[in-house]
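Being a predicted model, the structure only gives us computed values, none of them experimental.
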Amino acid sequence: MKREKLQENFGVTVKKSENFSEWYTQVLKKAELADIRFNVKGFLVHMPWSVKAMKLMYRAFEEELEKSGHQPLMLPSVVPESNFEREKEHAKFKAEVFWITEVGSERKKLEERLALRPTSETAFYQMYSLWVRSWRDLPMKRYQSCQVWRHETKATRPFIRGREFWWIEAHDAFATREEAEAQVKEDAEITERVMHKLFGIPFLFFQRPEHDKFQGAVHTYAADTVMPDGKVLQLPSTHFLGQNFAKAFNVKFVDEDGKEKYVWQTCYGPAIWRIFGAIVAIHGDDRGLILPPEVAPVQAVVIPIFFKGKEREVLKKARAIKQAIVDGGVRAEVDEREEHTPGWKYNYWELKGTPLRIEIGPRDVEKGQVVLVRRDTGNKVNVKDEELLKKIGKFLDDIQSNLIRRADESFKMRISEAKDMRELKSWLKKKGGLVKVNWCGEEGCADLIKSETGGGEIKGTLFGKEEKPSEKCIRCEKKAKQVVYIGKTY
């Protein structure tokens with residue numbers, strides 16, 4: 001009776017297409033990704049499955065950053081208030097930070113308030129002013145994998161919007177503007193190689209409009225994807241900072257010509273936390289998660305099917321198969337739990353999103369084979385033991401390609417084009433996503449568009465692809481200056 005009750009309440013009980021919000025909440029809970037019951041609002045406990053996946057995600061980005069010349073750092077989690085004062089353009093974050101004002105059991109007041117870092121420009125560049133002296137020190141490309149804290153006032157949602165989240169910050173300094181601008185292109189390429197090709201998350205890379213750029217930046221760029229509910233989610237962003245922060249923090253170098261100059265800077269922020277939320281949302285189905293092989297903590301799970309009197313030989317083979325798979329470079333486990341039926345285990349590992357399932361019963365032992373099952377399609381195939389490693393490698397590659405293909409197709413379906421406000425409102429209401437329009441470039445007009453569409457924000461112009469406006473502005477009917485994309489965001 002206990003087992004029956006467990007099975008009844010075990011899986012996801014709503015369809016993703018009918019109630020995405022509830023589906024997402026259930027998957028986070030039932031796949032054991034996060035526990036939101038921590039007794040500080042906006043903070044959550046990350047469970048082992050999500051932590052293991054995010055560690056793999058960190059590793060993928062870190063490897064790409066280090067290939068491109070970045071070196072890792074670990075900076076303090078606190079930033080003195082005076083660092084913020086040095087960059088007045090950064091004042092925006094002062095309203096969002098968590099302040100440390102006293103210490104010790106006697107609650108002694110600090111001489112200067114310390115902020116839990118909301119982002120790390122002011123910490124990095126204070127140190128860069130000490131490290132950069134000559135043109136020989138450049139380029140200086142450093143990154144840290146860390147968490148940041150912001151007193152987010154909007155509704156929090158695990159892995160989408162919170163008060164503590166995990167990401168990577170890369171901060172770069174160059175001798176010339178051209179090198180810094182080339183770094184923006186490199187950041188976009190890293191995003192494509194990792195987020196799209198490894199994690200299967202499609203995106204468009206935009207240059208944000210001037211009224212929506214990072215404070216202190218010359219230009220802001222960001223990768224936006226579309227979630228199943230039609231809302232736009234910002235993922236990695238890059239800021240071309242010019243020399244603004246260099247002048248605020250006195251980051252100068254002596255060039256080859258003997259003259260002292262300010263560096264040119266960029267910063268790049270792969271949002272690991274949010275990207276994980278996008279992976280859950282975009283790839284998952286009505287049975288739970290579907291994880292791309294690159295981020296799956298377990299890529300293949302072996303399920304022994306026990307029959308009375310045959311347990312020992314089945315388990316022996318299951319363990320041997322698992323070890324052979326691990327030796328072949330695939331993350332694998334054997335589910336040896338005796339208290340659950342094979343069917344329960346199938347559902348459990350499907351909920352977890354494990355890419356491959358390997359079933360082994362007494363007949364499979366006799367025949368020298370296993371049954372291999374794909375999570376993305378449910379297809380089953382009998383595979384001879386000696387062919388298993390080769391078949392697993394092919395299936396993992398096929399799953400990766402299939403997830404990318406399905407996500408890309410869905411993403412393309414979410415991109416529309418509107419010639420007037422009526423069409424814009426219709427597309428945003430009907431399917432959300434990103435809508436391509438002509439725009440005059442005026443912030444006041446952007447405000448009216450947002451108000452009249454119930455939240456449609458101008459996300460920007462496509463980076464690296466010039467799209468010339470051919471008509472009047474969609475809202476004010478003045479001459480259009482840009483082709484931009486509009487979407488409702490989290």
Side-chain angles (χ1 to χ4, degrees), residues 1-12 30-33 47-49 52-53 56 284-400 402:
M1 188 67 167
K2 184 178 180 180
R3 180 179 291 168
E4 290 175 357
K5 184 175 182 181
L6 179 62
Q7 289 178 327
E8 180 185 346
N9 298 324
F10 180 65
V12 180
K30 296 186 177 187
E32 300 173 303
L33 303 178
M47 304 298 279
W49 197 248
K52 290 178 180 180
L56 293 166
D285 64 11
D286 292 344
R287 297 198 302 275
L289 295 174
I290 301 179
L291 293 178
E294 286 289 334
V295 303
V298 176
Q299 295 170 310
V301 60
V302 183
I303 308 292
I305 303 171
F306 298 123
F307 283 78
K308 192 172 183 179
K310 301 286 186 178
E311 295 91 345
R312 183 175 295 181
E313 59 188 84
V314 170
L315 188 55
K316 180 180 178 181
K317 175 168 180 173
R319 290 172 175 172
I321 289 291
K322 177 252 183 178
Q323 191 58 51
I325 295 170
V326 170
D327 291 344
V330 176
R331 295 184 291 276
E333 294 289 347
V334 179
D335 192 336
E336 299 186 17
R337 292 176 290 181
E338 297 180 0
E339 66 271 24
H340 298 305
T341 65
W344 189 96
K345 294 177 184 180
Y346 299 164
N347 292 332
Y348 174 85
W349 291 102
E350 285 182 346
L351 179 60
K352 291 283 194 178
T354 302
L356 291 174
R357 182 173 79 239
I358 300 169
E359 303 171 7
I360 301 175
R363 283 189 176 183
D364 300 308
V365 175
E366 294 172 5
K367 294 181 178 181
Q369 67 175 32
V370 301
V371 178
L372 194 57
V373 187
R374 287 176 53 160
R375 172 63 180 89
D376 60 329
T377 63
N379 291 345
K380 293 186 177 185
V381 61
N382 295 328
V383 181
K384 291 294 183 182
D385 293 348
E386 61 270 19
E387 299 175 357
L388 182 58
L389 276 177
K390 183 178 180 180
K391 197 69 173 180
I392 285 177
K394 183 180 186 308
F395 269 25
L396 290 176
D397 288 344
D398 288 348
I399 291 169
Q400 183 76 17
N402 188 41

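- Residues T354 and V298 come closest through the heavy atom pair CG2-O, 3.1 Å.
- Listed here is the closest heavy atom pair of V302 and I360: CG1-CD1, 3.7 Å.
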Query raised in the report: When you look at K322 and I358, which way does the side-chain contact (heavy atoms from CB on, under 4.5 Å) test go after all the steps?
Result: CA-CA 9 Å; K322 177 252 183 178; I358 300 169; over 6 Å; no

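- When all heavy atoms of V330 and I392 are compared, the closest pair comes out as CG2-CG2, 4.1 Å.
- Rounded to the nearest 0.5 Å, atoms CG (L351) and CG (D285) are 10.0 Å apart.
- When N379, D376, V383, V381 are each tested for a side-chain contact (heavy atoms from CB on, under 4.5 Å) with F395, only one passes: V381.
- Residues V314 and V365 have side chains in contact (heavy-atom distance under 4.5 Å, counting atoms from C-beta outward).
- Here the CD1-CD distance, from I290 to E350, works out to 9.0 Å after rounding to the nearest 0.5 Å.
- The main-chain N or O of A296 is found under 3.5 Å from a side-chain atom of R331 such that the two form a donor-acceptor pair.
- Distance check: Y348 OH to R357 CZ gives 14.5 Å after rounding to the nearest 0.5 Å.
- A donor-acceptor contact shorter than 3.5 Å is absent between the side chain of W349 and the backbone of V301.
- Looking at W344 and E339, their side chains never come closer than 4.5 Å, going by heavy atoms from C-beta outward.
- In this structure a side-chain-to-backbone donor-acceptor pair under 3.5 Å is present from D385 to Q369.
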Requested in this report: Begin from the C-alpha positions of E338 and E311 and carry the test side-chain contact (heavy atoms from CB on, under 4.5 Å) through to its verdict.
Outcome: CA-CA 10 Å; E338 297 180 0; E311 295 91 345; over 6 Å; no

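- Considering all non-hydrogen atoms of both residues, W49 and K352 come closest at NE1-O, 3.0 Å.
- No side-chain donor-acceptor contact under 3.5 Å links K345 to the backbone of I303.
- Contact between P304 and L315 at its shortest, heavy atoms only, is CG-CD1, 4.4 Å.
- Judged by distance alone, with hydrogens and angles left aside, the side-chain atoms of K367 form no donor-acceptor pair with the main-chain N or O of K384 at under 3.5 Å.
- Here the closest heavy-atom approach between residue L396 and residue P355 is recorded as CD2-CB, 4.0 Å.
- At most 12 heavy atoms of other shown residues, nucleotides or ligands fall within 6.0 angstrom of atom CZ in R312.
- Remark: of the listed residues R375, Q299, R374, R374 is the sole one forming a side-chain contact (heavy atoms from CB on, under 4.5 Å) with I399.
- Sorted by first then second residue, the salt bridge (Lys or Arg N to Asp or Glu O under 4.0 Å) pairs that include residues 386-395, not counting sequence neighbours, are K394-D398.
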